[in-house]
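Residue indices begin at 1 and follow the sequence shown. In each ligand, atom 1 is the first atom listed, and ligand 1 is the first ligand listed.
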Amino acid sequence: MRTRVGIIGGGPAGLLLARLLHLEGIDCVVLEARTRAYAEQRQRAGMLEQGTVEALRACGAGARLDAEGLVHHGIELRFDRTRHHIDFPSLAGRTVTIYAQTEIVKDLIALQLADGPPLLFEAEAYEIEKPDSGSPRILFRHEGREQTLECDWVVGADGFHGISRPAIPAQRTYGRDYPYSWLGILADVPPSCEELIYARGQDGFALHSMRSPAVSRLYLQVPNGTDPADWPDELIWDTLDARFATDDGWQLARGPITAKSVTPMRSYLTEPMRYGRLLLAGDSAHIVPPTGAKGLNLAISDVRLLGRAFAHLERTGSEQLLDSYSQLCLERVWQVTRFSFDMTTMLHAQPGGGAFEERLQHARLRRIAESPHAAAELAALYTGLPLGS
Ligand code: RFL
Ligand code: PHB
């Protein structure tokens, strides 16, 4: 098998890139290790920046997103039992949209299978040969056979646990594991709010998000190593109640919990995002803790830059944009890493942090609630930085 761009990974990054290349008439193949059903059901992100929405629309994946996505004009910061609305249109001139990653993946898979380049499920790449040559090869297993995909370029969009990042020698990596995790639930109950609530409760963080007018998505800060089985439903609701409690009588509606999982919190970056003809995109190159809702949005912005760079190569024969790809992405990734770190450390109870840390968190929250300048900085980063040129 031969192709111009071999894409490892059929998550949002790999699937959107395939779509962008297809629209430019560039031949590619996507290899996805898991089954279609698994890829379509993996519960993850929900908050899309305006730029992400526009990119999905522009590639033909906007119909259901426009019909079912929930446009939000801000978020609520909740602390000291008080609510503070951060208004995005007035502070940043933009909105965000709630639309689940599972739905984006379904929309992109449907488009790809309808008229796109090949997308192979249960096709696990296990080696990238000669990434620094003009003709790299991906070795993969599919339908019980070992196969080879000959490529001009390889894109590693295979997430944090993929094979692409380790194929780059002499990388510099940066990161940190945070001393807490998130317990996430899906519940069949209408959201108790119109916009997302980021709450710094007395004993920790809680987030109220949603998937639709009938389904709520909620998260709780829990200690690392937490087993979801140790959290009966009543305990989850009681803890959420305590962390969201306000003095104005706000009530959290309860309903049947349909999914529970625990996610560790991590920041991680690798530099550079390119080695020869292997380019990394999305979680394979960087991870941010989900407090800023940035992982998926970063993956999409990487791929928009990469799609542009391949289109430029195809039209002009110049590799100039591919050469600047890594640096351009990383400038943005570091800004978003900083923002995600700030949101995370501002809102979570720091185990062993003591009274000093707590007062500092409080001062940061108050500053955002009281200063339009501080709130505007949060709004600009939350709604998404411009893509860059
Ligand atoms: P993915 O989605 O991990 O996809 C990688 C794909 O590669 C496949 N793969 C392989 N395929 C072939 N051969 C191999 N050897 C392979 N190894 C792996 C995998 O099966 C998979 O299908 O990475 P991608 O495309 O870079 O997308 C990144 C996003 O998924 C991720 O950043 C977000 O989900 C992060 N995230 C959030 N991001 C946001 O922008 N907004 C949010 O609100 C948000 N909330 C979240 C989140 C992530 C969470 N978790 C569970 C980590 C909330 C949570 C709880
Ligand atoms: C989600 O809806 O899953 C979500 C929203 C905002 C975040 C993280 C997760 O910051």
J.: What residue among T291, N224, T344 forms side-chain contact (heavy atoms from CB on, under 4.5 Å) with Y178?
T.: T344
J.: Relative to the heavy atoms of L31, which atoms of ligand 1 are at a distance of less than 4.0 Å?
T.: 11 (N), 12 (C)
J.: Is any side-chain heavy atom of S212 closer than 4.5 Å to one of E68?
T.: no
J.: Please state which option from G295, A33, S284, A293 has its nearest heavy atom closest to atom 35 (C) of ligand 1.
T.: G295
J.: At a 4.0 Å threshold, what atoms of ligand 2 neighbour a non-hydrogen atom of L207?
T.: 6 (C), 7 (C), 8 (C), 10 (O)
J.: For Y198, counting its heavy atoms only, list the atoms of ligand 2 lying under 4.0 Å from any of them.
T.: 6 (C), 7 (C), 10 (O)
J.: Just need the protein heavy atom nearest to atom 31 (C) of ligand 1, so name the residue and atom and give the distance.
T.: D283 OD2, 3.3 Å
J.: Please determine whether a side-chain nitrogen of the Lys or Arg among R57 and E54 lies less than 4.0 Å from a carboxylate oxygen of the Asp or Glu.
T.: no
J.: Indicate every side-chain donor-acceptor pair of residues 38-45 with a distance under 3.5 Å to a residue at least two apart or in another chain.
T.:
| residue | atom | partner | partner atom | Å |
| --- | --- | --- | --- | --- |
| E40 | OE2 | R36 | NE | 3.0 |

J.: Taking side-chain hydrogen bond (donor to acceptor under 3.5 Å, both in side chains) as the test, write out the residues that go with D87, two or more places apart.
T.: H85, S90
J.: Just to be sure I'm reading this right: ignoring hydrogens, which of R44, R42, H161 gets closest to atom 3 (O) of ligand 1? Compare them by their nearest heavy atoms.
T.: R44
J.: Just which atoms of ligand 1 are under 4.0 Å from any heavy atom in E124?
T.: 13 (N), 15 (N)
J.: Heavy-atom distances under 4.0 Å are what count here, so tell me which part of T291 touches ligand 2: side chain, backbone, both or neither.
T.: backbone
J.: Within the structure, does P290 bring an N/O atom to less than 3.5 angstrom of an N/O atom in ligand 2?
T.: yes
J.: Which protein non-hydrogen atom lies closest to atom 47 (C) of ligand 1, naming both residue and atom, and how far is it?
T.: A45 CA, 3.7 Å
J.: Can you check which of L296, L17, L16 brings a heavy atom nearest to atom 38 (N) of ligand 1?
T.: L296
J.: Who's closest to atom 27 (O) of ligand 1 heavy-atom-wise, of A125, P12, G282, G11?
T.: P12
J.: Return yes when A123 approaches ligand 1 closer than 4.0 angstrom through a heavy atom, no otherwise.
T.: yes
J.: Could you check which of K294, E32, Q101, E49 puts a non-hydrogen atom nearest to atom 30 (O) of ligand 1?
T.: Q101
J.: Looking only at heavy atoms of Y219, does any of them come nearer than 4.0 Å to an atom of ligand 1?
T.: yes
J.: Below 4.0 angstrom from a heavy atom of A157, which ligand 1 atoms are there? Numbered from 1 as shown, please.
T.: 5 (C), 6 (C), 7 (O)
J.: Would you call R211 a ligand 2 contact, heavy-atom distance under 4.0 Å?
T.: yes
J.: Looking only at protein heavy atoms, which one is nearest to atom 18 (C) of ligand 1, and what is the separation?
T.: D158 O, 3.1 Å
J.: Can R44 be said to touch ligand 2, with heavy atoms closer than 4.0 Å?
T.: yes
J.: Can you list the atoms of ligand 1 that are under 4.0 Å from a heavy atom of N297?
T.: 40 (O)
J.: Does the ring of F244 carry R78 above it, NZ/CZ under 6.0 angstrom from centre and within 45° of its axis?
T.: no
J.: With a cut-off of 4.0 Å, which atoms of ligand 2 are near a heavy atom of L196?
T.: 5 (C), 6 (C)
J.: Heavy-atom contacts with G9 under 4.0 Å: which atoms of ligand 1 show up? List them by number with element.
T.: 6 (C), 7 (O), 8 (C), 11 (N)
J.: Taking NZ, NE, NH1 and NH2 as the nitrogens, is one of them in E24 or R315 under 4.0 Å from a carboxylate oxygen of the other?
T.: yes
J.: Just going by heavy-atom distances, which of G162, G159, G46 is nearest to atom 43 (O) of ligand 1?
T.: G46
J.: Does the S340 side chain pair with the main chain of T337, one donor and one acceptor, at a distance under 3.5 Å?
T.: no
J.: Find all atoms of ligand 1 within a distance of less than 4.0 Å from any non-hydrogen atom belonging to M47, and give their numbers and elements.
T.: 41 (N), 43 (O)
J.: Is R366 paired with D80 through a side-chain N to carboxylate O contact shorter than 4.0 Å?
T.: yes
J.: Is the shortest side-chain N to carboxylate O distance from E194 to R83 below 4.0 Å?
T.: no
J.: Can you tell me how far apart CZ (R137) and CD (E127) are? Round to the nearest 0.5 Å.
T.: 9.5 Å
J.: Indicate yes or no: does an N/O atom of S209 lie under 3.5 Å from an N/O atom of ligand 2?
T.: yes
J.: Applying side-chain contact (heavy atoms from CB on, under 4.5 Å), run through F310 and R4 and close with a yes or a no.
T.: CA-CA 10 Å; F310 277 123; R4 181 112 171 99; over 6 Å; no
J.: Would you call R165 and D158 a salt bridge, taking side-chain N to carboxylate O under 4.0 Å as the test?
T.: no
J.: Relative to atom 55 (C) of ligand 1, which among T102, T263, V96 owns the nearest non-hydrogen atom?
T.: T263
J.: Should the proximity of I8 to ligand 1, defined as any heavy atom under 4.0 Å, be assigned to the side chain, the backbone, both, or neither?
T.: side chain
J.: Can a salt bridge be assigned to the pair K294 and E49 using a cut-off of 4.0 Å between side-chain N and carboxylate O?
T.: yes
J.: Counting only nitrogen or oxygen atoms and a 3.5 angstrom limit, does Y219 reach ligand 2?
T.: yes
J.: Tell me whether K260 is salt-bridged to D233, with the criterion being a basic N under 4.0 Å from an acidic carboxylate O.
T.: yes
J.: Applying side-chain contact (heavy atoms from CB on, under 4.5 Å), run through M346 and I368 and close with a yes or a no.
T.: CA-CA 11 Å; M346 178 171 76; I368 293 168; 3.7 Å; yes
J.: Just one of I26, V155, V303 clears the side-chain contact (heavy atoms from CB on, under 4.5 Å) bar with L21, so which one?
T.: I26
J.: Regarding ligand 1, does A13 bring an N or O atom to under 3.5 Å of one of the ligand's N or O atoms?
T.: yes
